[in-house]
Structures are given as structure tokens and as C-alpha cells.
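The next block holds one structure in the form of C-alpha cells; read it before the comments.
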Amino acid sequence: MNGGRRLTRSAVAVVTAAFGVAAALGAQPVAAKPSTTPVKLIFDTDFGGDVDDAGVAGMLNAMQDNGEVEVLAMMASNPTRHAAPGLDAINTYYGHGNIPIGSLKPVYDHVPSPPTPGAVITSNNVSGYAELLGRGWKNNIGDSSRVPDAVDLYRKILAKQDDASVTIVAVGGQINLGGLLASGPDQHSPLTGAELVSHKVNKLVVMGARFPSGREWNIMLDPTAAATVAKDWPTPIVYSGFEIGDTILTGSRLFTETHPNNPVLNAYEDYVGWGNNRSSWDLTAAYVAVRGTDELFKLSEPGQVKITADGSNTFQADPSGTRHYLLTAAPDETIAKAIEDLMVQAPVKGWH
Ligand SMILES: [Ca+2]
Ligand SMILES: [Ca+2]
């Protein structure tokens, strides 16, 4: 089922990235400080693939309870009919069932191969726990065909926001982001998609690629879109590369510290089995999107990210560049605790 993704992620983990370990030594655990003004955030996810996307959905709901973030929307970047109801199930559990949700269209019962046009990955089971949650947990969507097209919802929401006020975190293939950049004027705005992003978005945080170079799953899901985003996206981009989240293990505390009805717990049980951890690829990106580098991470020097048709990426230092990748500034266990503290935080007004 979902094991294919795990194997593939391991298979592409071929490039060394030795930084992080040395930087982690001697760092002091410091509690993260919530920001005083909520970050206006759009979460773009291939929910139902790997389970760290479900972890992000839970973490963002907890951060919204804390007043750290206002989730403007969640966007499914994978065309399964179960992603939107699955996301809504988590939001509803936390009492935030009104968060707008969009989806890549059309949606399918069984995602075609390749899952997105131009993908260099030939199969991607993107239902899994999403179907479990969408069918079994309370939500008022039921099927991703009932939510707006993601690009349309991006444009509708961005058009209403203050300039430079929106952060986007994208933790799957970047097909929605590519579609947004390529979009033209419509009933929501006379601006092109690139102009809307330039006006309204302050930064993009991506889980994807490997640094300083390599080949990674999320980029391989749509190398063309990812290359366009890396080259043309008008705002700064921070990449959380594969090497960052890979050794930051979270999820096991869900089983002992959260309610048995917690849909995030049940997603993790479905994917990794009761009591187990999973890597925190997407969680690190979402954490930084809301809290910044905090004391847990730091940014690389500025530069340019280049992506080729097979999904390989390189980084070239450039003082005028607006792309950075994350480095860790604390031990993996310290970062894991900061993330997992949020994952196990009880909903303020959930339904259980
Ligand atoms: Ca809802
Ligand atoms: Ca993901």
C-alpha cells in the first residue's frame, strides 16, 4: 500500500548531507515562543500519501488554537477523492471545520499512473489513511469533487488578503503552485497568478529536494512545476530538504497522549502501526512556516535552486539569490519534542 513511498524515499536517499549533526552538538533546548500575530497560512499537501501530512494538519490546528496561525486554506495537491474529506475530518476534530479546502482536479478513486502529468514517479498510493479518515470521521465534504479547484481557491483567497501577508507551505508535489503561477486574470482578480503571488505572498516554505544536491520524492512528483517554482516564484523560498526531517522522528506520543478518537493518531496507526514514529519531513517545513527558524533551525546562505527533468536538484550560492535551505541548529530530539508537543496538544473545542 503506502510502503511504496517509504521504499522510494529510501531509494532516492543517496546523497550525503553531513551538516546538521555537527551544528546540533551543544545546542541548548529552548522552548519555542509563539508569535503574537497569527501567521496567515495556506497549507498545500499530498494528504494521504505519507503520514507526516496528517501530522502537519494536526499541528497547524493546534497552532491555530494557540493563536500562532490562521489557516486560510488547505489545498490537496494529489487527485484522490479522499484527501479533502480527510483533511476536513482533522480540522473538524479540532473544531476548525470551516477552514476552506481546495483540491487538484479532477479527482479519482484510483490515482492514475503517473499521478500527475510529467511525474517521474510511476505510482503513488494517495488514498490510504485519507480514505480511512474521510469515510470514518466526521466531516461535511465527503468527496474531494465537492471542493473548489485548488488554483481557483488560491486566487479567491489571495485576492482578498493584504499585500505581503500570506505564507504558503507546500509539502507535496508542486502542481498547484505551478498552476497558480500560470493562471490568468479571472473573476477573483485582474492580476495574473504570478502577480497575485508577488503582491500577496511573503514567503513560500517547501518540503522538497535535497541539499546541497540530490533527488527527492516531492520534486519527482512534478519536476516541471518544481523547476518553474524554483526559478520563477516571486518571493523568497525556504526548502526543508529530505535530510532535515528524515532523522527527526515524531508520532509515537500520539498513541499515549491523545484521545483514541484523534484522527491524526488513527492516520499514524494506519501508516506506521501502533506506537511507532515517522520522519518529520513535512512537519519541519510547516513548523518553520509558522515560527520561523526559531532556535531550532537556521538558514543556508542565499542562492539558486535548479531542478532538472528527472527531479534532480542542485544549489548554487548566490548573494543575490532568494532561495535558502534549512539547517538544524538543535539536536533532532529537541526539534522532535517541539513538534510533537504541538501534535499531542488537546483541541480547545474539538468534538470528542
Ligand atoms: Ca468542513
Ligand atoms: Ca507530503
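One-based numbering, in listed order, for ligands and for the atoms of each. Values reported hereafter were calculated over all heavy atoms of this structure, with side chains retained and with hydrogens, waters and symmetry mates removed.
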Hey, what's the angle at the Ca ion (ligand 2) spanning OD1 (D46) and OD2 (D282), nearest 10 degrees? 150°
Going by salt bridge (Lys or Arg N to Asp or Glu O under 4.0 Å), R278 matches just one of D270, D53, D50. Which one? D50
Cut-off under 3.0 Å, centre the Ca ion (ligand 1), protein N/O/S atoms: D88 OD1, D88 OD2, G97 O, N140 OD1
Can you tell me if NZ on K105 sees more than 12 non-hydrogen neighbours from other groups inside 6.0 Å? yes
Return yes when at least one N/O/S atom of W281 is nearer than 3.0 Å to the Ca ion (ligand 2), and no when none is. no
Roughly how far, to the nearest 0.5 Å, is the CZ atom of F315 from the OG atom of S300? 4.0 Å
So, taking the atom named CG in D52 and the one named OG1 in T250, what distance separates them when rounded to the nearest 0.5 Å? 8.0 Å
Please check if the number of heavy atoms outside D310 that lie under 6.0 Å from its CG is greater than 12. yes
Angular separation of OD2 (D53) and O (V171) seen from the Ca ion (ligand 2), to 10°: 100°
Contact flag D52/the Ca ion (ligand 2), N/O/S atoms, threshold under 3.0 Å: no
Is any NZ, NE, NH1 or NH2 atom of the basic residue among D341 and K337 found under 4.0 Å from an Asp or Glu carboxylate oxygen of the other? yes
Pair W137 + Y93: ring centers closer than 6.0 Å: no
Taking the six-membered ring where the residue is Trp, are the ring centres of F211 and Y325 under 6.0 Å apart? yes
